[in-house]
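Chain identifiers are assigned alphabetically (A, B, ...) following the order of the sequence lines, protein sequences preceding nucleic acid strands; residue numbering begins at 1 within each chain.
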Protein chains: 2
Amino acid sequence: MVTISDVAKRAGVSRSTVSYVFSGRRAISPEVRARVADAARELGYTANAGARALRTSQTRVIGLLAQFLDDEFAPAMLQYIQGVTDTARKLGYDVLLVTDPDGPAALRRVTDSRMVDGVVLLNVAEDDPRIPLLRNAEQPGALVGLPRDGAGVDVFDLDFPEAGRLMVEQMVEAGHEEMLLISQPHDVVERGGAYVWRLRDGCMQRAEQLGVRVHHSFAPSRAPEIGECLHDLLDEHPGVTGLLLNNEAAATALPGVLHQRGLSAPDDLSVIGRYSEEFARVFSLPFSSVESAPDFLGRLAVQHLVHRIEGQRPHDSAYIARLVAPVFRDRGSVGPAKRI
Amino acid sequence: MVTISDVAKRAGVSRSTVSYVFSGRRAISPEVRARVADAARELGYTANAGARALRTSQTRVIGLLAQFLDDEFAPAMLQYIQGVTDTARKLGYDVLLVTDPDGPAALRRVTDSRMVDGVVLLNVAEDDPRIPLLRNAEQPGALVGLPRDGAGVDVFDLDFPEAGRLMVEQMVEAGHEEMLLISQPHDVVERGGAYVWRLRDGCMQRAEQLGVRVHHSFAPSRAPEIGECLHDLLDEHPGVTGLLLNNEAAATALPGVLHQRGLSAPDDLSVIGRYSEEFARVFSLPFSSVESAPDFLGRLAVQHLVHRIEGQRPHDSAYIARLVAPVFRDRGSVGPAKRI
DNA sequence: CTGAAAGCGCTTACAG
DNA sequence: CTGAAAGCGCTTACAG
C-alpha cells in the first residue's frame, strides 16, 4: 500500500507538502507541485479514507436508511434510492446503504461509529423511533416523509393532502360524483405511514366541499391478492365512476383487472393514480397520475443534508419542512362519468 | 464524542483493557469486565470506525458497484442489490452502494482509498474494464455475471446457455416447432452483456438438435417501444406458436399486448420468460419462467467474498466460477402448439 | 515557500 | 490478569 510518506520520499519533500499539494490549502512552488504530482501518479497514490476520517472527522459518506418492507412496493422505493445516490455522487459523497430491519440499531451503529457525515431516512413513520436518535446524533439528518415531530432534522415530502384534493378536483371537473379511493394496506397506517391518511383526508375534505362522494378502502400491496381485491371492490361499488389509487400495486394490477372485466379507461371508468412518471413508464401504466416525485425528493434531501454537513447551514439553524406540490400528469384516463 | 479514553477513565482501567473487553482477545477479570461494560453503556461508547480501520486495515464495508443503465430494467437490478445487502448485513458488513456511471474510476476510488474490504460487481460486461483494476486491487472481488476472463476474482452467474436449452426443451415437449426468442436490446450486447447471446446460443443449439426452428430478435427494454415491437414481431411471424423472453420489459408488456390482440396464453400462444419468482410476483406475470435467481446469486457472491476477506480462503487460492443451474417454474403458460 | 511535530482514536505486541 | 507504549496514515497549527 502506498502512503503519503512514499510520495514524499519520491518527490524529495515532506509529508506535509504532499498533503498541501492535494488540498491546495497552501501556496506551493510550481516545481514542487509538479514533482509531487508526478510521484503520486507514478506510485498510484490515493489518500487512506480511514486515516483522513480520523484526522478530519469527515468521511464524505452519507448513510441511507431504507427498508424493503413487505407491505410496500419495492420498485417504488428504488426511485428514492436512485435520487439519493445520484445527487450524493454529484456532490462528492458516497452512500452507505443500510437496509437493516432494525432501523434504530442500524442508525445508532453508523452514526455513533462515525461511518457517515449525515443520514437520509426513507420509509419515515409518523412516530419514527429513529428520529429521536437522529436528533441526538452529531451528524445532521434529512427525512423523506413527514413525521409528527420533525424538530432537529430537515423534512421533505410530497404534499399528500393536496395530492388528494387534486385527484378529486380532476374527477369532479370531468363530472364524476361517486369515486373510490384505494389506499395502501392498513398495515402501512399501523406502522405509521401517515401519507396514507393524509392523502385520504385531502380527498375527503375536498369531496365534501364539492358535494361529491368518495368511498375509501385499504387494499393489499402484493400480487395476486391486490387483483382479487380490485375485483371485489368494483363489485361492491357499482355506482363508482372514478378510481383514485394511492397504492402502487393496485395501479400495476388494474390494467389486468379491467381487461378481465372487459372494461377500459376512460371509456368505462376514469382512473387517477399517485406515482411517478418513471414508475408509469416502467410499468406501462396508461393512467393519469399525480406525480410523487421520488427523484426530486431524494435530491432535495441530499442537497440540504450536504449543506448542513459542510456548514453552509449551521447545525441548529431553522429546520426545513418542505412539502412538494403535486403535479397532475394527464394520460387521458379521465373522461366523462359513466355508470358501468 | 466519547472515546475509548473516556471509558477507560470512568472504569478506572487502561485503554487497552477497554479494547480487550470488547474484542474478547484476552482474559479479563469479571469485575473489570463489568466496570468497563457499565462505563461504556453509561457513556454510550461506540468505537470510531475510521480509527479502527486505520489500525486494523479492516472497514467491515463491502463496495457494491451497480449501475442503472437505460437499456436494462431497473426493478430487475434491485433484486441483486437486495440479495447483496441482506447477506452482507447478516455477515456483519455494511454496503457502500456506488452507482457512478464511470465504473472504473469509482472502483479505483473505493479500493485505493481503502473504504471497503472487498467489492461486488454487478452489470458485468464480457470485457469489463473494471475487472483488471479489481484484479490488481488488494481487496478481493466477486462478480455477478460471467466475463471472458474471470481470473483473480470469484464469478457467479446463471447458466444462461442451459436456460436457453431448457426453454426450448419445455416448448418442444409440448409440441412446438416454431418459436421466437426475444432478447434484450442489441445495445446490451454491444456493451458486452454476454448473457444475451449465451442464452440465445443455448436456444439455437438445442433447437437444431431437436430439429425445431427458433427465430431471434432483439427488442427494446423500455415502454412503450417494447409494446409496439411485440406487435410487429407477432405480425411478422404468424407461424410462431411459442414465445421465449430474455427481456424483462417484454415480459411485463406482453400481457397488455396479448389482450390488445385478443389472445391469451397458453390457449393461443405459449410463453416462457427468464426472470425471478419475485419479479413474476411484483409484475403479476402469468407466464412460466426460467428462474434467474438474483437473490441467490447476490448471496453467493457476498458469502464467498467475505470468506476471502476473512482469510478462510487465501487471496490467491483457486478462484471460483460458479454457474447456477436454471430452474423451470411452471405457471401454466405452455400448452399444445396452435397456429393463431 | 517548506518542514518537523503533534495528535485524531484505535489495537496489539511487549512487559510485568 | 493488566498497563504503557508504539504506530496505523493522515492534516494542520507552529515555526522558520
Point to revise | Phosphate OP1/OP2 of D/dT2 contacted by B/Thr17 side-chain N/O (<4.0 Å) | key: no
Review point. Salt-bridged, B/Asp154 to B/Arg308, with N to O below 4.0 Å?
Key: yes
**Study point:** Basic-acidic side-chain contact under 4.0 Å: A/Glu138, A/Arg114
**Key:** yes
Exercise for review: May I ask you to say whether A/Asp149 pairs ionically with A/Arg135, meaning some side-chain N is under 4.0 Å from a carboxylate O?
Suggested key: yes
**Study point:** Test of ring centre spacing under 6.0 Å for B/Phe22 and B/Tyr45
**Key:** yes
Practice item. Name the nucleic acid region contacted by A/Thr3, choosing base, sugar-phosphate or nothing; use a 4.0 angstrom heavy-atom cut-off, strictly under. Key: sugar-phosphate
**Study point:** Gap between atom CG of B/Asp102 and atom CZ of B/Arg109 - 0.5 Å precision
**Key:** 9.5 Å
Practice item. Choose from C/dG3, C/dA6, D/dA6 the nucleotide whose nearest atom is closest to any side-chain atom of A/Arg26. Key: C/dG3
Study note, to complete from the structure: Between CE of A/Met1 and C1' of D/dG7 the distance, given in whole Å, is 15 Å
Check your understanding: Taking NZ, NE, NH1 and NH2 as the nitrogens, is one of them in A/Arg35 or A/Asp38 under 4.0 Å from a carboxylate oxygen of the other?
Key -> no
Study note, to complete from the structure: note: A/Ile4, atom CD1; D/dT11, atom C1'; distance rounded to Å ~ 8 Å
Review point. How many Å lie between OH on B/Tyr20 and P on C/dA15, as a whole number?
Key: 14 Å
Result block: side-chain N/O donor-acceptor pairs under 3.5 angstrom for residues 83-91 of chain A, not counting sequence neighbours:
| residue | atom | partner | partner atom | Å |
| --- | --- | --- | --- | --- |
| A/Thr85 | OG1 | A/Ile81 | O | 3.1 |
| A/Thr85 | OG1 | A/Gln82 | O | 3.2 |
| A/Thr87 | OG1 | A/Gly83 | O | 2.8 |

Check your understanding: Between A/Thr17 and A/Ser14, do the side chains contain an N or O donor and an N or O acceptor separated by less than 3.5 Å?
Key -> yes
Study note, to complete from the structure: Sorted by number, residues from residues 27-57 of chain A placing a heavy atom under 4.0 Å from DNA chain C are A/Ala27, A/Ile28, A/Ser29, A/Val32, A/Leu54, A/Arg55
Check your understanding: Is the base of D/dA4 touched by the side chain of B/Ser16 through a donor-acceptor pair closer than 3.5 angstrom?
Key -> yes
**Study point:** Base C/dT12 to side chain B/Arg25, donor-acceptor N/O within 3.5 Å cut-off
**Key:** no
**Study point:** d(CZ, B/Arg15; P, C/dC8) in whole Å
**Key:** 9 Å
Check your understanding: Given pairs defined as Watson-Crick or G-U wobble with both distances under 3.5 Å, what dot-bracket annotation applies to DNA chain D, with ( ) intrastrand, [ ] crossing, | other strand and . unpaired?
Key -> |||.||||||||.|||
Check your understanding: Are any of the side-chain nitrogens in B/Asp6 or B/Arg15 under 4.0 Å away from the carboxylate oxygens of its partner?
Key -> no
